[in-house]
Colleague: 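Dropping the structure in here first, questions after.
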Amino acid sequence: MSNDRKSAAERGEIDTSTTAVAVATTPDVTRHDQSLDHFVEKDGLLFAGTHLIVDLWEASRLDDLPAVEDALRRATEAAGATLLNIDLHHFTPNGGISGVAVLAESHISIHTWPERAYAAIDIFMCGDARPHEAVKVLREAFSPARIQLAEHKRGMIPC
């Protein structure tokens, strides 16, 4: 096989040894005080937190920087999370906004395409935070015609 057809791993450009070890090992949750890690215990599962992937379609106010900042603040509050910082960037000429609300419990990130009336939002929260409550605020703030929502439990530990 010619060198240009080999994968990056086959050409030695990616170190796969670390990945193999990480996949093969199971975390030992007894090594530290579990009360300090803010893992979630729910329905017989133990995991780092809930990660929601939210797509807003036919949404409004996606180029309104103050509206986006206000929505992130209110979403954080509704989820019972602790806001540490908000950092937003307003792009030109399309008016899109990208940014993140950094939370003690993790983050809410947003990327908007106002020219397509679309926003991609990630909500990742650990501990006692209620990420689904943040989605309700975002629905109210941006009035999307349609929302796609996917949920992933991060850092699942077998019980």
Colleague: Indicate the atoms forming the closest heavy-atom contact of A120 with W113, along with that distance.
Modeller: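 Closest pair (atom of A120, atom of W113, distance): CB-CZ3, 4.0 Å.
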Colleague: State plainly whether one hydrophobic cluster holds both L103 and V100, where clusters connect Ile, Leu, Val, Met, Phe, Trp and Tyr through side-chain heavy atoms under 4.5 angstrom apart.
Modeller: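 Different hydrophobic clusters.
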Colleague: Show the numbers, then the answer: is there a side chain to side chain contact (heavy atoms under 4.5 Å, CB included) between L65 and L88?
Modeller: CA-CA 8 Å; L65 195 65; L88 298 171; 3.8 Å; yes
Colleague: Without hydrogens or angle criteria, can the side chains of H89 and S98 be said to hold a donor-acceptor pair below 3.5 Å?
Modeller: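 Looking only at side-chain atoms, S98 and H89 do not form any donor-acceptor pair under 3.5 Å.
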Colleague: Looking at R139, I'd like to know if its CZ atom is crowded, meaning that more than 12 non-hydrogen atoms belonging to other residues, nucleotides or ligands lie closer than 6.0 Å.
Modeller: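 Incorrect, the count does not exceed 12.
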Colleague: Please work out which of the three classes, parallel, tilted or perpendicular, describes the rings of H107 and H51, given edges at 30° and 60°.
Modeller: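 Because their plane-to-plane angle is over 60°, the rings of H51 and H107 count as perpendicular.
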Colleague: Output the distance between atom CE (M156) and atom CG (L45), rounded to the nearest 0.5 Å.
Modeller: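 Going from the CE atom of M156 to the CG atom of L45 covers 5.0 Å.
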Colleague: Only one of L52, V68, I121 clears side chain to side chain contact (heavy atoms under 4.5 Å, CB included) with L138; which?
Modeller: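 Testing L138 for a side chain to side chain contact (heavy atoms under 4.5 Å, CB included) against L52, V68, I121 leaves exactly one candidate, I121.
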Colleague: State whether the side chain of S60 and the backbone N or O of F142 hold a donor-acceptor pair below 3.5 Å, judged by distance alone.
Modeller: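 Judged by distance alone, yes, a pair lies under 3.5 Å.
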Colleague: In Å and rounded to the nearest 0.5 Å, what is the CD1 to OG1 distance from I86 to T76?
Modeller: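 If we round to the nearest 0.5 Å, I86:CD1 and T76:OG1 are 6.0 Å apart.
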Colleague: If I compare all heavy atoms of V137 with all of A78, which pair ends up nearest, and what's the gap?
Modeller: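 Of all heavy-atom pairs spanning V137 and A78, the closest is CG2-CB, 3.6 Å.
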Colleague: Are I108 and L83 connected into the same hydrophobic cluster when the rule is that any two of I, L, V, M, F, W, Y join if their side-chain heavy atoms are below 4.5 Å apart?
Modeller: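 L83 clusters together with I108.
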Colleague: Would you say the side-chain atoms of T82 and E105 include a donor-acceptor pair closer than 3.5 Å?
Modeller: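 There is such a pair between these side chains.
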Colleague: Does R130, at its CZ atom, have more than 12 non-hydrogen atoms belonging to other residues, nucleotides or ligands within less than 6.0 Å?
Modeller: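 Yes - once you tally the heavy atoms of other residues, nucleotides and ligands closer than 6.0 Å, there are more than 12.
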Colleague: How far apart are the C-alpha atoms of H152 and I53, what are their side-chain angles, what is the distance that settles it, and do they pass the side chain to side chain contact (heavy atoms under 4.5 Å, CB included) test?
Modeller: CA-CA 8 Å; H152 182 70; I53 307 300; over 6 Å; no
Colleague: Let me confirm one number: the CG-CD1 distance from L56 to I110, rounded to the nearest 0.5 Å.
Modeller: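 Nearest 0.5 Å value for the CG-CD1 distance: 7.0 Å.
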Colleague: For T112 and L62, indicate whether the former's side chain and the latter's backbone hold a donor-acceptor pair under 3.5 Å.
Modeller: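 Indeed, once roles are kept as given, a pair shorter than 3.5 Å links the two residues.
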Colleague: Kindly give the heavy-atom pair with the smallest separation between P131 and T50, and that separation in Å.
Modeller: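 Here P131 and T50 meet closest at CG-CB, 3.8 Å.
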Colleague: Looking at CE of M125 and CD of E133, how far apart are the two atoms once the value is rounded to the nearest 0.5 Å?
Modeller: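 The CD atom of E133 is 10.0 Å from CE of M125, to the nearest 0.5 Å.
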Colleague: So do V54 and I147 actually touch side chain to side chain, heavy atoms under 4.5 Å?
Modeller: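 I147 reaches V54 side chain to side chain.
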Colleague: Determine whether more than 12 heavy atoms belonging to other residues, nucleotides or ligands lie under 6.0 Å from atom CD of E77.
Modeller: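 Atom CD in E77 is not packed in, count stays at 12 or less.
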Colleague: Provide the closest heavy-atom pair for A134 versus I123 in the form atom of the first, atom of the second, distance.
Modeller: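 It is CB-CD1, 4.0 Å.
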Colleague: As an exercise, state the distance from NE2 of H111 to CZ of F91, rounded to the nearest 0.5 Å.
Modeller: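 Nearest 0.5 Å value for the NE2-CZ distance: 9.0 Å.
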Colleague: Output the distance between atom CD (E151) and atom CG (L149), rounded to the nearest 0.5 Å.
Modeller: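 One finds 7.0 Å between CD of E151 and CG of L149.
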Colleague: Answer yes when E140 and K136 have at least one side-chain N-carboxylate O distance shorter than 4.0 Å, and no when they do not.
Modeller: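 Here E140 does not pair with K136 in a salt bridge, since their nearest N and O are not under 4.0 Å apart.
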Colleague: For the side chain of H90 and the backbone of G95, is there at least one donor-acceptor N/O pair under 3.5 Å apart?
Modeller: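 Yes.
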Colleague: Considering residues, nucleotides and ligands other than D128, do more than 12 of their heavy atoms fall under 6.0 Å from its CG?
Modeller: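 No, the 6.0 Å shell around CG holds no more than 12 heavy atoms from other groups.
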